[in-house]
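Atom set for the values below is all heavy atoms of this structure, side chains included, hydrogens, waters and symmetry mates excluded. This structure is a prediction, so every number in the text was calculated from the model and none was measured.
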Amino acid sequence: MELKKLQAIVDETSIKINENDVFNFLKIKKRWPHHYPWNQNTVEILANNKKLQSPFFDGDGYLNYDKWKRYYDLGFTTIISNVLDLNEDLRIMNKKLTSNTGLQINGNFYFSLPGQIPSFDYHDHDYDVIVRQIYGISEWVVDNKSFELKPNQSCIIPKTIKHKVVDKKEKKLSLTINLH
């Protein structure tokens with residue numbers, strides 16, 4: 001798989017999403033059950049390097065927007081999984097990536113305000129990741145190299161390479177493309 005070619009597809013795709021768009025996505029209650037049928041969580045909060053999954057779901061197993069929003073307002077990062085169907089820009093990018101790889105592509109949003117720990121501790125994956133900053137700036141460390149990821153910029157994180165976000169000083173939305 002040619003990662004630079006896939007990164008070019010991610011870079012050339014116009015992705016127009018703002019904070020209110022994400023809020024509106026999350027208000028579509030039936031879109032966010034606790035888990036997808038393949039058992040992946042739909043929405044999680046990063047709190048002290050752990051994922052919180054249950055406190056913001058209702059008794060029917062769907063996201064309770066108001067409970068979730070309290071965590072967001074405190075600056076906790078939200079992971080929103082399987083997002084490549086949420087608008088036309090994402091669907092177009094997904095179709096191009098899928099046709100170039102033959103893979104089912106998984107895209108996740110990392111969505112947050114300043115305030116809390118921005119990421120997991122230094123970690124790696126057993127798959128390649130392309131990160132696209134939609135808005136805001138994130139400070140990263142990838143393979144012991146520090147850099148800022150600014151709006152519409154992307155980076156490749158090859159499998160088994162350690163990485164983390166070390167700071168977020170403003171509202172941010174990042175898209176991760178996970179290439180399994």
| query | Is any side-chain heavy atom of Phe56 closer than 4.5 Å to a side-chain heavy atom of Lys69? | reply | no
| note | Given the options Leu175, Asn178, Ile80, Asn108 meets side chain to side chain contact (heavy atoms under 4.5 Å, CB included) only with Asn178
| Going through the checks in order, is the side chain to side chain contact (heavy atoms under 4.5 Å, CB included) test met by Gln116 and Tyr71? | CA-CA 10 Å; Gln116 305 294 328; Tyr71 287 92; over 6 Å; no
| said: Assess the residue pair Leu103 and His180 against the criterion (side chain to side chain contact (heavy atoms under 4.5 Å, CB included)); give the C-alpha distance rounded to whole Å, side-chain angles, the decisive distance to 0.1 Å, and a yes or no. | reply: CA-CA 8 Å; Leu103 300 173; His180 293 266; 6.0 Å; no
| request: Could I get the full list of side chain to side chain donor-acceptor pair (under 3.5 Å) partners for Lys172, not counting sequence neighbours? | output: Ser174
| field | Leu97 CG to Asn106 CG distance, which is reported to the nearest 0.5 Å | value | 12.0 Å
| Counting distance only, does the side-chain N/O of Asp60 pair as donor-acceptor with the main-chain N or O of Tyr62 below 3.5 Å? | no
| query | At their closest point, which heavy atom of Leu63 faces which heavy atom of Phe57, and how far apart are they? | reply | N-CD2, 3.4 Å
| task | Anything under 30° is parallel, anything over 60° is perpendicular, the rest tilted; go ahead and classify Trp140 against Phe147. | result | parallel
| field | Worked check of side chain to side chain contact (heavy atoms under 4.5 Å, CB included) between Leu6 and Ile177 | value | CA-CA 10 Å; Leu6 299 178; Ile177 305 296; over 6 Å; no
| Is the backbone N or O of Ser112 less than 3.5 Å from a side-chain atom of Thr77, with the two atoms forming a donor-acceptor pair by type? | no
| Would you find a donor on one side and an acceptor on the other, under 3.5 Å apart, between the side chain of His163 and the backbone of Asp124? | no
| task | Check for a donor-acceptor pair, side chain of Ser81 on one end and backbone N or O of Asn41 on the other, with a separation under 3.5 Å. | result | yes
| Joint hydrophobic cluster, Tyr36 plus Trp68, side-chain heavy atoms closer than 4.5 Å | yes
| query | How about Pro158 and Asp128: do any of their side-chain heavy atoms sit closer than 4.5 Å? | reply | yes
| said: If you compare all heavy atoms of Lys51 against all heavy atoms of Phe120, which two are closest, and at what distance to 0.1 Å? | reply: CE-CZ, 3.4 Å
| said: Counting neighbours of NZ on Lys96 that are heavy atoms of other residues, nucleotides or ligands and sit closer than 6.0 Å, is the number greater than 12? | reply: yes
| field | Minimum-distance pair of heavy atoms, taken over all atoms of Leu26 and Trp32 | value | CA-NE1, 3.4 Å
| So, Lys168 side chain and Leu113 main chain: donor-acceptor pair closer than 3.5 Å or not? | yes
| task | With side chain to side chain contact (heavy atoms under 4.5 Å, CB included) as the test, would you mind laying out the steps for Thr78 and Phe109 before giving the verdict? | result | CA-CA 8 Å; Thr78 301; Phe109 284 149; over 6 Å; no
| request: Grab the two heavy atoms, one from Val165 and one from Ser138, that are nearest each other, plus how far apart they are. | output: CG1-CB, 4.1 Å
| message | Could you report the tightest heavy-atom contact between Ile17 and Ile134, atom names first, then the distance? | response | O-CG2, 3.7 Å
| field | Lys159 atom NZ, over 12 foreign heavy atoms within 6.0 Å | value | no
| CD/Glu88: more than 12 non-hydrogen atoms of other groups inside 6.0 Å | yes
| message | Under a 3.5 Å cutoff, is there a donor and acceptor pairing between the side chains of Asn100 and Lys5? | response | yes
| note | Besides Tyr122, the hydrophobic cluster formed by Ile, Leu, Val, Met, Phe, Trp and Tyr side chains linked at under 4.5 Å, directly or via other members, contains Val141, Val166
| With Asp167 via side chain to side chain donor-acceptor pair (under 3.5 Å) - residues at least two apart | none
| request: Enter the distance from Tyr72:OH to Tyr65:OH here, rounded to the nearest 0.5 Å. | output: 8.5 Å
| field | N/O donor-acceptor pair under 3.5 Å between Glu170 side chain and Ile137 backbone | value | yes
| Side-chain donor or acceptor of Asp143 paired with backbone N/O of Lys145 under 3.5 Å | no
| query | Counting N and O atoms only, with roles assigned by atom type, does the side chain of Asp73 sit under 3.5 Å from a partner on the main chain of Arg70, one being a donor and the other an acceptor? | reply | no
